[in-house]
Undergrad: 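Before anything else, here's the structure in question.
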2 protein chains.
Amino acid sequence: MTEQKKSGGRPRDAEAAGTIKSATLNLLREHGYAKVTIAAIASEANVARQTLYNRWNTKADLVLDAIFEETGHYAAAPIDDPNLTCQLQLEQFLMQVFSHLSESGAPIRSLIAAAQDDDAFRDVFKTKFVKPREKMVTDLLKRAQSKGEIAQGRDVRMLSIFVHGAFWYALLGGDPVDNDLAKSIVDEVFHPAQT
Amino acid sequence: MTEQKKSGGRPRDAEAAGTIKSATLNLLREHGYAKVTIAAIASEANVARQTLYNRWNTKADLVLDAIFEETGHYAAAPIDDPNLTCQLQLEQFLMQVFSHLSESGAPIRSLIAAAQDDDAFRDVFKTKFVKPREKMVTDLLKRAQSKGEIAQGRDVRMLSIFVHGAFWYALLGGDPVDNDLAKSIVDEVFHPAQT
DNA sequence: TATATTTATAGACTGCAGTCTACAAACACT
DNA sequence: AGTGTTTGTAGACTGCAGTCTATAAATATA
């Protein structure tokens, strides 16, 4: 592929992408996904509307990209700290993720929404956002299993899905996604309660 | 409230609502939520566009209502059959729900999408669709707990959220929602595996 | 300098959701 | 029959996403 351009041509404005993305985030926080218009973003970024469409295919694409720019930082895989139980590590990881989401939860919800109507977009969203987080949790649970914190016979992949499912379920249902939820999820996944 | 109308007035066409809803379902199955237009539904039902807006506030409202009409049948609470384990009952219940969803899964996904941008709509969706199903599962799990199929110390409410979360997670992610998923979910919730 | 290529801008245009207005039709009450 | 009220119909209108076209600006290469 390599998508080579024939020769010169006017270069893309190097600053534009950043300016547009940050304008997008600002408007997003202020008004929410539905009320933010492409025209408003373009205007805020002092750029022609078409320039946005030169770089992103849809409003959802742009928003996805804009959110990644700052969400990436929070996606750091939890390092294995041998001094902490895996249970605690998972709890802290979830709390970190949740506290971030309480800031940009609404736009992310809107992304999920947009993803439903667009197969290609849903793939990107899954590949770049959902799957990596799923893997982080699966890996952590595997470590817990190898250290005996979780019984050998359990299906770690399904447990990871439980964790994320519970999280999405709360997020989409508009229920609070907070430390209490994190604790409840982790308690039940590790569920030492054997009566 | 009782919403009384002052006096007579032209009565609503009794057949219209049904005709519109079934036209909606037909077009929905054929083209998917995004590609179905209000105008097309109105035309299919031989009704003015405004008539739709007289009865439903938005496209999502209408689709929600249309889907309920046939989804209601499948929402029957699982009767407690003392001859079957609760684990089997849950598995059968989920299979029933899943097989229905593989038919109208796409429109339902679009509903979730629409719900994200509209608080009022999300409430209706939760109240009429999500919560009742959550309760069915919670009740079933409670029975399982009282019969000893699930340990006393476990948080049944959270387990129910795991079940639904896993289900929504698969649905929204575009993953197959089938018998295998149902079995995996139930196995892990009851997880007799104690190594 | 001349040409080809690519981006940026401005603005027209399409399609759809949802609103609004004017008018006709169907009812209740007097 | 006459009045008031509500629904149905037809069509104009607004706002936004996304497309398309014409033109100017910025680059590379000849």
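We use all heavy atoms of the structure for the numbers below, so side chains are in, but hydrogens, waters and symmetry mates are not. Below, chains carry the letters A, B, ... as their sequence lines are ordered, and counting in each starts from 1.
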Undergrad: Can you check the A:Q50 CD to D:dT23 P distance for me, whole Å?
TA: 16 Å

Undergrad: Can you check whether A:N54 has a side-chain N or O nearer than 4.0 Å to OP1 or OP2 of C:dA8?
TA: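 Looking at the OP1 and OP2 atoms of C:dA8, one of them is under 4.0 Å from a side-chain N or O of A:N54.
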
Undergrad: In whole Å, what is the span from the CZ atom of B:R12 to the P atom of D:dT9?
TA: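 After rounding, the reported distance stands at 12 Å.
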
Undergrad: Determine, for A:R55 against A:D13, whether the closest basic-nitrogen to carboxylate-oxygen distance falls under 4.0 angstrom.
TA: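 A salt bridge is absent here (no side-chain N lies under 4.0 Å from a carboxylate O).
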
Undergrad: On the nucleotide D:dT7, are OP1 or OP2 found under 4.0 Å from the side-chain N or O atoms that B:T51 carries?
TA: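 So the side chain of B:T51 is outside the cut-off, no N or O lying under 4.0 Å from OP1 or OP2 of D:dT7.
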
Undergrad: A:L62 CG to D:dA17 P: how many Å, rounded?
TA: 11 Å

Undergrad: Return the nearest nucleotide to the side chain of A:P11; candidates are D:dC16, D:dG8, D:dT27.
TA: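 So the nucleotide nearest the side chain must be D:dT27.
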
Undergrad: Identify, between B:R10 and B:K59, the residue whose nearest nucleotide on DNA chain C lies closer to the 5' end.
TA: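 The residue closer to the strand's 5' end, by nearest nucleotide, is B:K59.
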
Undergrad: Quick one: A:L52 CG to C:dT9 C1', roughly how many Å, whole number?
TA: 12 Å

Undergrad: Can you measure A:I41 atom CD1 to D:dG18 atom P for me and round it to whole angstrom units?
TA: 11 Å

Undergrad: Please state how far atom CZ in A:R49 lies from atom C1' in C:dG11, giving the value in whole angstrom units.
TA: 9 Å

Undergrad: Round to a whole Å and report the spacing from OH of B:Y53 to P of C:dT21.
TA: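 Taking OH of B:Y53 and P of C:dT21, I get 17 Å after rounding.
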
